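Structure first, commentary second.
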4 protein chains.
Amino acid sequence: MARPLSEEKRDALLKAASDLVARLGTGASTAKIAKAAGVSEGTLFTYFPTKDDLLNQLFIEIEARFALTMLAPYPLDASAKDRLFIVWSRLIEWGLDRSTSRKALRQLKVSDRVTLESRQRCHALFREARLMVEQCLAEHSAPERVAFYIDTILFDLADITINAIAAKPKERDAIRQAGFDLFWKGTAA
Amino acid sequence: MARPLSEEKRDALLKAASDLVARLGTGASTAKIAKAAGVSEGTLFTYFPTKDDLLNQLFIEIEARFALTMLAPYPLDASAKDRLFIVWSRLIEWGLDRSTSRKALRQLKVSDRVTLESRQRCHALFREARLMVEQCLAEHSAPERVAFYIDTILFDLADITINAIAAKPKERDAIRQAGFDLFWKGTAA
Amino acid sequence: MARPLSEEKRDALLKAASDLVARLGTGASTAKIAKAAGVSEGTLFTYFPTKDDLLNQLFIEIEARFALTMLAPYPLDASAKDRLFIVWSRLIEWGLDRSTSRKALRQLKVSDRVTLESRQRCHALFREARLMVEQCLAEHSAPERVAFYIDTILFDLADITINAIAAKPKERDAIRQAGFDLFWKGTAA
Amino acid sequence: MARPLSEEKRDALLKAASDLVARLGTGASTAKIAKAAGVSEGTLFTYFPTKDDLLNQLFIEIEARFALTMLAPYPLDASAKDRLFIVWSRLIEWGLDRSTSRKALRQLKVSDRVTLESRQRCHALFREARLMVEQCLAEHSAPERVAFYIDTILFDLADITINAIAAKPKERDAIRQAGFDLFWKGTAA
DNA sequence: AATGAATGAGCGTTCATTCAT
DNA sequence: GATGAATGAACGCTCATTCAT
């Protein structure tokens, strides 16, 4: 191995892919992505053997960063509701701060180029966050519905809420609160 | 005179487009769509001047059929909650019955090839359904949040619920109920 | 034969073809030509079996009208030079009056879709005009060069002159005269 | 680094384009041109971003080579007429030697795909030749007509003459002389 | 005769990927 | 490892022509 793969270039490629997939969908061409990353068309393929691979890596990378955000320590002494509100707020903030990532993710989620395996791997990344939420809901919700609330509702409801905020940025805090209230009340036993 | 445009072919094209867009995304090629519809590649373009046009018509067509489903008469003497449950059930049933349409819609919604105008036109189609829901929530929810519940939450929450059912078809009724309960409780004042 | 072919439609098609070929070259589509003529795409083919046929008829038609213009009677008592100047002026005037026809002709002349046979047929149409010019040059030019002057030079030099006038319409008369002088002096023995 | 653009391939593409445009007009397909050049269809577009670009480059290239031919040194001590005859002969010889280029040029000149800018750029290439001719005509022609003779007549008259020779190759020298005589006598004051 | 929908080959161009440099 | 020229299949779309109406 003459030269090691450059982490810098890999990141630039993923960043460029994120931007372009967000804007153009998964049809964004590898040539454009390479150009936006400041590397040559061929180089893209030394970092990612195929475009599908790039897309899957991108998906995983974004989800991983997202999961990391959710992992920051939580005040253990706060009430379940307060702790859940912190989770909720982090979900919302991440989506608003990383709007490009979120848009890219939205495209990737509906694409059949992102494999089931990638999706499952990412699911696992949120285990800790999920456990946290589980604790919050333990005394609040009907036990048989907790899984549904967490796996199905929580993230997507946050997504919907982010969309609503994106449409009316001035009402940011009100919408965030309205979304949370809906979830909290809706999940009560 | 001449041969009239065939409603049948137009429908076949939209049906084929729906299938392929659901499976492959908006990148599905016009050639494949034409072939699946049993017409020649050129014929597609006598029915839809451009691919974008086809995609937009498809979007509108699906939404229109969906809106029609929602328009069926409601038992006016039932309670607000019961009537809302009927709305909710129709949303869910439609999504489950028309899973291809729903998947196509999901692709179309994230594509920038579907114009704002098309989206707005479709939004209008649901006015009646929205009014119906508004009445149901009138005495149940905080007035300032009703718009948020209807425009932002309701349809997307139904979508999430459908996804959940699609993943676990055996729990169909339980999940449908769980989704509704979440919405109803969540929207209480 | 249920209905006779309509002269009117044939003319409208040729007129439309002339316009469009002048503007777009022989690549102008039959659909556009039919539309511009106010008839349907199919009708074009009942008047002209193929596009090549239409193009050849158009070529012949324009040349024929042109030849007709040249056939108007000449004052037989005028001098050779004066009579030739009349010929020359008619060439120039025709080109300026019928600039669309001339542009179409220019495209047709360089196209291999206009057959040798069409070209030869048109050549024959100008026999009379050519004879006229021959008489004018009889005592003015070297006999062995007269054919060259008429068949090769005269029409093309007129064409060049028309181009020059088209570029500077204000100098119309001066350029017309300059072109004629060049021909007259140039063809002197 | 990478593989450098090959001058050879570019030339082969222009050569192939020249051949096919000469034969089929500007409608000659890029696929045929690429095949004739011995490269793949895609390769054409790494050398010329669009077909229009190829056509314009071809136009400029042919004109440039032509201009170069005209630039060869002239015997300054020869008479004006003799020097002009050299110019004339070079025009004729070029056209006869490069009959494919000439035919391609003829197609390109009537095509609206060759831009005004390309035409103007090429016009400039002949400045030197034009100056040369200007000197030859200085004491021979009416000053106010010199521009007309050079810009409008000379090249096109040569073109006509070449056509005549192409039709009767055996009379090559006689026709060349006849054309020159016409020009020389015709441009006398 | 007139219409225009139907056809499929062909168009100019883009694409993911390979490989000579 | 990095580059970008090379590739040919595929793309969205147009075309001359045919033929059901």
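Bear in mind that the values here come from a model prediction, so they are computed numbers and not experimental data. Within every chain, numbering begins at 1; the chains are lettered A, B, ... in the order of the sequence lines, protein sequences first and strands thereafter.
Between D:V39 and B:T50, it is D:V39 whose nearest contact on DNA chain F lies nearer the 5' terminus.
Every side-chain contact (heavy atoms from CB on, under 4.5 Å) that D:R121 has, sequence neighbours left out, goes to D:I60, D:E117. When the side chain to side chain donor-acceptor pair (under 3.5 Å) test is applied to A:T43, the partners found at least two apart in sequence or on another chain are A:S40. For B:A67, the side-chain contact (heavy atoms from CB on, under 4.5 Å) partners at least two apart in sequence or on another chain are B:L125, B:F126. In this structure B:A17 satisfies the side-chain contact (heavy atoms from CB on, under 4.5 Å) test together with B:I33, B:L54, B:L58, sequence neighbours excluded. Every side-chain contact (heavy atoms from CB on, under 4.5 Å) that A:D112 has, sequence neighbours left out, goes to B:L24. Residues satisfying the salt bridge (charged side-chain N to carboxylate O under 4.0 Å, His left out) criterion with B:D52, sequence neighbours excluded, are B:R113.
Note on residues 25-51 of chain A: no pairs pass salt bridge (Lys or Arg N to Asp or Glu O under 4.0 Å), not counting sequence neighbours. Sorted by first and then second residue, the salt bridge (Lys or Arg N to Asp or Glu O under 4.0 Å) pairs involving residues 101-111 of chain B (not counting sequence neighbours) are B:R102-B:D159. Applying the salt bridge (Lys or Arg N to Asp or Glu O under 4.0 Å) test to pairs two or more places apart or on separate chains, those with a residue in residues 10-27 of chain D are D:R10-D:E61, D:K15-D:D19.
Put simply, CG on C:D52 is 10 Å from P on F:dA16, counting in whole angstrom units. Rounded to whole Å, atom P of E:dT17 lies 13 Å from atom CZ of A:F48. Atom CZ in B:R113 sits about 12 Å away from atom P in F:dC11, given to the nearest Å. Distance B:L44 CG to E:dG8 P: 14 Å, rounded to the nearest Å. Note: CG (D:D53) to C1' (E:dT13) measures 13 Å, nearest angstrom. To the nearest angstrom, P of F:dC15 lies 12 Å from NZ of C:K35. Per the geometry, CD1 belonging to D:I33 stands 10 Å off P belonging to E:dC11, to the nearest Å. Taking atom NZ of residue D:K32 and atom P of nucleotide F:dG8, one finds them 19 Å apart after rounding to whole Å.
Of the listed nucleotides (E:dA5, F:dG8, E:dT7), F:dG8 has the atom at the smallest distance from the side chain of D:S40. Residue D:K51 places its side chain closer to E:dG12 than to any other of F:dG12, E:dG12, F:dG4.
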Dump the intermediate steps for side chain to side chain contact (heavy atoms under 4.5 Å, CB included) on B:N56 and B:F48, then the final yes or no.
CA-CA 10 Å; B:N56 279 275; B:F48 306 95; over 6 Å; no
Please lay out, stage by stage, how B:T115 and B:R119 fare under the test side chain to side chain contact (heavy atoms under 4.5 Å, CB included).
CA-CA 6 Å; B:T115 65; B:R119 293 171 201 266; over 6 Å; no
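Within the structure, a side-chain polar atom (N or O) of D:Y47 is placed less than 4.0 Å from OP1 or OP2 of F:dA6. Contact check, D:T46 against F:dA6: a side-chain N or O comes under 4.0 Å of OP1 or OP2. When the side-chain nitrogen and oxygen atoms of D:T30 are compared with OP1 and OP2 of E:dG12, one or more of them lie within a distance under 4.0 Å. Look at C:T43 and you won't find any side-chain N or O under 4.0 angstrom from OP1 or OP2 of E:dA2.
Taking a pair as Watson-Crick or G-U wobble with both distances under 3.5 Å, DNA chain F forms stems of 3 or more consecutive pairs at E:2-21 with F:2-21.
D:A12 and D:A37 make their closest contact through O-CB, 3.6 Å (heavy atoms, listed as atom of the first residue, atom of the second, distance).
Within residues 6-29 of chain D, the residues that have a heavy atom under 4.0 Å from DNA chain F are, in order of number, D:K9.
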What pairs of nitrogen or oxygen atoms, one from the protein and one from nucleotides 18-20 of chain F, lie under 3.5 Å apart?
| unit_1 | atom_1 | unit_2 | atom_2 | d |
| --- | --- | --- | --- | --- |
| F:dA20 | O4' | B:R3 | NH2 | 3.3 |

